[in-house]
K.L.:
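Next up is a structure, given as structure tokens.
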Amino acid sequence: MKARAVKGIVVKDLRETRRDRMAVFWIFVFPLMWVTLLGAIWGGSSPPVVVHVGAVYFNESAPFTASTLIGIMENVSVDGQRIFRITRYPDESAGLKAVKAGRVDVLLLFPQGFGENVSSGLQGKVYAYFDRSDPQKYQIASGVVKGFFSEFEREMAYRKLNITLGYVEAYLPKNLSANLSPSMLRAYMMGLIDPISLREEAVKGERPSPIKFYVTSFIGIQFLFATMLTVSNLLFEEIEKGTLRRIAASPATAWDFLVGKMLSTFIVITASILIGIGYSKAVFKETVFPGPTGWLIIALSAVFSMSLGLAIAMGTRSMKATNALVNLLSMPLLFLAAIVIPESILPRWARPIADYFPLGTAVKDLRLLEIYHRPPSEVFPDVVWIAINSLVMLLIVVLLYNWAIKRLQ
């Protein structure tokens with residue numbers, strides 16, 4: 001491989017890329033638009049979930065009524081944000097219309113006598129009508145409402161138990177109290193109403209920042225989408241201008257040509273990534289700057305992506321067909337390889353794509369390293385997998401290049 005030939009190709013490509021306004025837009029402007037849009041939408045802290053509740057109940061004179069319960073719901077808050085937004089309806093029909101129209105997430109219907117039953121120690125029934133047209137929204141609303149009632153019932157059970165134990169302990173026969181102390185009786189009764197006590201403890205783990213996630217998405221877009229388009233367009237410029245024939249006739253080898261094209265593309269993409277990283281830090285005050293292993297993953301991924309782009313270009317020998325195939329391949333992979341969305345929300349059939357497609361593996365490992373601060377040894381097997389795929393794809397490109405040169409001759 002001749003360093004002078006590689007240098008000449010790199011310098012020429014960088015000059016031509018600088019003059020190509022469309023290339024400048026896709027390589028530099030579009031990624032910054034991506035980071036800005038997603039950062040503005042998802043970059044901030046997520047507010048607590050708010051559930052819209054419709055309520056239908058009757059006025060009662062009991063000590064505890066449905067109105068009392070609704071008042072308690074209205075005051076439940078997390079981080080200063082009220083969880084329930086209550087709308088009262090005059091009857092069941094009006095409430096159900098509101099549920100069907102999507103104005104409320106759930107309708108709570110308290111039958112006549114609810115307050116009297118609860119106040120006298122009997123069971124009070126509540127009917128909950130959920131809108132199930134959106135399964136995800138239903139799961140959230142159902143979980144929040146049922147969680148509230150579960151905690152409320154538990155608190156009522158404790159209060160009833162304390163009142164009951166007060167009477168029992170006051171009139172407990174002396175001969176019985178010698179064998180069964182009040183504390184033993186209380187513990188036993190507590191076990192009856194609450195057999196398992198789940199205590200929530202706070203753990204300060206690694207909390208991934210949305211901005212950092214989307215910076216890694218931006219990096220993934222660069223070495224998946226922009227890299228393939230850039231290197232294939234550089235190849236077609238050589239073909240259209242007729243310079244590829246002259247390069248093939250020169251002492252420059254296939255390796256000289258391909259390394260020059262890949263090196264110039266990698267320089268441009270790296271500059272774009274650095275600009276995006278700096279832009280995120282300046283605008284959102286957060287960013288991700290890869291360490292040595294992270295840059296190694298980026299470099300190997302870029303080699304794989306450039307080889308794939310060149311293989312498509314030399315296989316089709318048409319700029320329109322290449323651009324169409326690159327878009328057809330890269331656009332679904334942005335999602336299926338978990339580059340722009342979390343892997344956790346992928347359907348089961350798409351998980352192997354994110355796990356084994358080299359560029360999906362690369363983004364996953366980059367996030368493990370730079371967001372979750374995992375040790376490089378943990379991702380080493382994946383790095384080897386990416387390197388093997390990159391080498392195989394590079395060898396395929398060399399064969400295709402030699403085949404394409406023979407067709408030109």
K.L.:
Side-chain donor-acceptor contacts of residues 140-147 below 3.5 Å, not counting sequence neighbours, with atom names and distances?
P.N.:
| from | atom 1 | to | atom 2 | distance (Å) |
| --- | --- | --- | --- | --- |
| Ser142 | OG | Lys146 | NZ | 3.3 |

K.L.:
Hey, can you pull the donor-acceptor pairs under 3.5 Å for the side chains in residues 298-309, sequence neighbours left out?
P.N.:
| from | atom 1 | to | atom 2 | distance (Å) |
| --- | --- | --- | --- | --- |
| Ser301 | OG | Ile297 | O | 2.7 |
| Ser305 | OG | Phe223 | O | 2.7 |
| Ser305 | OG | Leu224 | O | 3.4 |
| Ser307 | OG | Val303 | O | 2.7 |

K.L.:
Is the side chain of Ser232 donor-acceptor paired with the backbone N or O of Leu310 at a distance under 3.5 Å, no angle test?
P.N.:
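Pair absent, no side-chain N/O of Ser232 close to backbone of Leu310.
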K.L.:
To check you understand the geometry: which heavy-atom pair defines the closest contact between Met228 and Ser330, and what is its length?
P.N.:
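So the minimum-distance heavy-atom pair works out to CE-CB, 4.0 Å.
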K.L.:
Answer whether the closest heavy-atom distance between the side chains of Leu325 and Leu329 falls below 4.5 Å.
P.N.:
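No, their side chains stay 4.5 Å or more apart.
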K.L.:
If a pair satisfies ring-ring contact (aromatic ring centres under 6.0 Å, His included) and one of its residues is in residues 258-279, list it, with sequence neighbours excluded.
P.N.:
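Not a single pair qualifies under ring-ring contact (aromatic ring centres under 6.0 Å, His included).
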K.L.:
So, taking the atom named CG in Leu366 and the one named CH2 in Trp295, what distance separates them when rounded to the nearest 0.5 Å?
P.N.:
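Reported to 0.5 Å precision, the distance equals 9.0 Å.
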K.L.:
At their closest point, which heavy atom of Ala128 faces which heavy atom of Leu108, and how far apart are they?
P.N.:
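Closest heavy-atom pair between Ala128 and Leu108: CB-CD2, 3.8 Å.
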K.L.:
Mind checking what makes side-chain hydrogen bond (donor to acceptor under 3.5 Å, both in side chains) contact with Tyr138, not counting sequence neighbours?
P.N.:
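With neighbours one apart ignored, the set is Arg132.
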K.L.:
According to side-chain contact (heavy atoms from CB on, under 4.5 Å), who are the partners of Arg88, at least two apart in sequence or on a separate chain?
P.N.:
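Only Tyr57, Ile70, Glu74, Ile86 meet the side-chain contact (heavy atoms from CB on, under 4.5 Å) criterion with Arg88.
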K.L.:
For Phe110, what residues pass the ring pair (Phe, Tyr, Trp, His ring centres under 6.0 Å) criterion, not counting sequence neighbours?
P.N.:
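Once residues adjacent in sequence are excluded, the partners of Phe110 under the ring pair (Phe, Tyr, Trp, His ring centres under 6.0 Å) criterion are Phe114.
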K.L.:
Locate the shortest heavy-atom distance separating Ile219 from Pro290; write the atom from each residue and the value.
P.N.:
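Minimum heavy-atom contact is CD1-CG, 4.4 Å.
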K.L.:
Can you tell if the side chain of Leu334 reaches within under 4.5 Å of the side chain of Met331, non-hydrogen atoms only?
P.N.:
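A side-chain contact exists here, since the closest heavy-atom pair is under 4.5 Å.
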K.L.:
So how far is it from Trp385 CH2 to Thr361 OG1, rounded to the nearest 0.5 Å?
P.N.:
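It is 7.5 Å, given to the nearest 0.5 Å.
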K.L.:
Mind checking what makes ring pair (Phe, Tyr, Trp, His ring centres under 6.0 Å) contact with Phe58, not counting sequence neighbours?
P.N.:
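Ring pair (Phe, Tyr, Trp, His ring centres under 6.0 Å) check on Phe58 returns nothing, list empty.
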K.L.:
Below 4.5 Å, heavy atoms only, C-beta onward: do Leu333 and Leu359 meet side chain to side chain?
P.N.:
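The answer is no, as the side chains (C-beta and beyond) never meet within the 4.5 Å cut-off.
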K.L.:
Which donor-acceptor pairs under 3.5 Å do the side chains of residues 89-106 make with protein atoms, sequence neighbours left out?
P.N.:
| from | atom 1 | to | atom 2 | distance (Å) |
| --- | --- | --- | --- | --- |
| Asp91 | OD1 | Ser93 | N | 3.3 |
| Asp91 | OD1 | Ala94 | N | 2.8 |
| Glu92 | OE2 | Tyr129 | OH | 3.1 |
| Asp105 | OD1 | Lys137 | NZ | 3.4 |
| Asp105 | OD2 | His52 | N | 2.9 |

K.L.:
Output all residues satisfying side-chain contact (heavy atoms from CB on, under 4.5 Å) with Ala62, sequence neighbours left out; order by chain, then residue number.
P.N.:
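With neighbours one apart ignored, the set is Thr65, Glu116, Ser119.
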K.L.:
What pair of heavy atoms forms the shortest contact from Ala337 to Phe357, and how long is it?
P.N.:
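Result for this residue pair: CB-CD2, 4.3 Å.
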K.L.:
Within the structure provided, determine whether Lys212 and Thr287 are in side-chain contact (heavy-atom separation under 4.5 Å).
P.N.:
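They are not in contact (no side-chain heavy atoms under 4.5 Å apart), so the answer is no.
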K.L.:
List the residues meeting side-chain contact (heavy atoms from CB on, under 4.5 Å) with Pro292, not counting sequence neighbours, and say none if there are none.
P.N.:
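side-chain contact (heavy atoms from CB on, under 4.5 Å) check on Pro292 returns nothing, list empty.
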K.L.:
For a 4.5 angstrom cut-off between non-hydrogen side-chain atoms, does Glu151 reach Arg154?
P.N.:
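Heavy-atom side-chain distance check passes, below 4.5 Å.
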K.L.:
When the side chains of residues 375-384 are checked against the rest of the protein, which donor-acceptor pairs come out under 3.5 Å, sequence neighbours left out?
P.N.:
| from | atom 1 | to | atom 2 | distance (Å) |
| --- | --- | --- | --- | --- |
| Glu378 | OE2 | Arg374 | NH1 | 2.7 |

K.L.:
Please determine, by modelled atom types, if Thr322 and Thr316 share a side-chain donor-acceptor pair under 3.5 angstrom.
P.N.:
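Yes, a side-chain donor-acceptor pair sits under 3.5 Å.
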K.L.:
Under the side-chain contact (heavy atoms from CB on, under 4.5 Å) test, which residues partner Glu343, sequence neighbours left out?
P.N.:
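Counting only residues at least two positions away or on another chain, Glu343 forms a side-chain contact (heavy atoms from CB on, under 4.5 Å) with Ala338, Leu346, Arg351, Ala354, Asp355, Lys364.
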K.L.:
Would you check if the side chain of Thr216 reaches a backbone N or O of Phe213 as a donor-acceptor pair within less than 3.5 Å?
P.N.:
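Confirmed, Thr216 side chain pairs with Phe213 backbone.
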K.L.:
Is it true that, when you exclude Tyr356 itself, more than 12 heavy atoms of the residues, nucleotides or ligands shown sit nearer than 6.0 Å to its OH?
P.N.:
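No, not enclosed.
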K.L.:
Report, as yes or no, whether the 6.0 Å neighbourhood of atom CG on Asn75 holds more than 12 heavy atoms from other residues, nucleotides or ligands.
P.N.:
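Result for CG/Asn75: enclosed.
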K.L.:
Would a 4.5 Å heavy-atom cut-off, applied to side chains only, mark Phe335 and Ile345 as touching?
P.N.:
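Result no, sub-4.5 Å side-chain heavy-atom pair not found.
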K.L.:
Is the closest side-chain heavy-atom distance between Val288 and Phe218 below 4.5 Å?
P.N.:
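With C-beta onward as the side chain, the pair stays apart.
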K.L.:
Tell me, do Ser280 and Ile211 make a side-chain contact under 4.5 Å, heavy atoms counted?
P.N.:
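In short, these two side chains touch, coming nearer than 4.5 Å.
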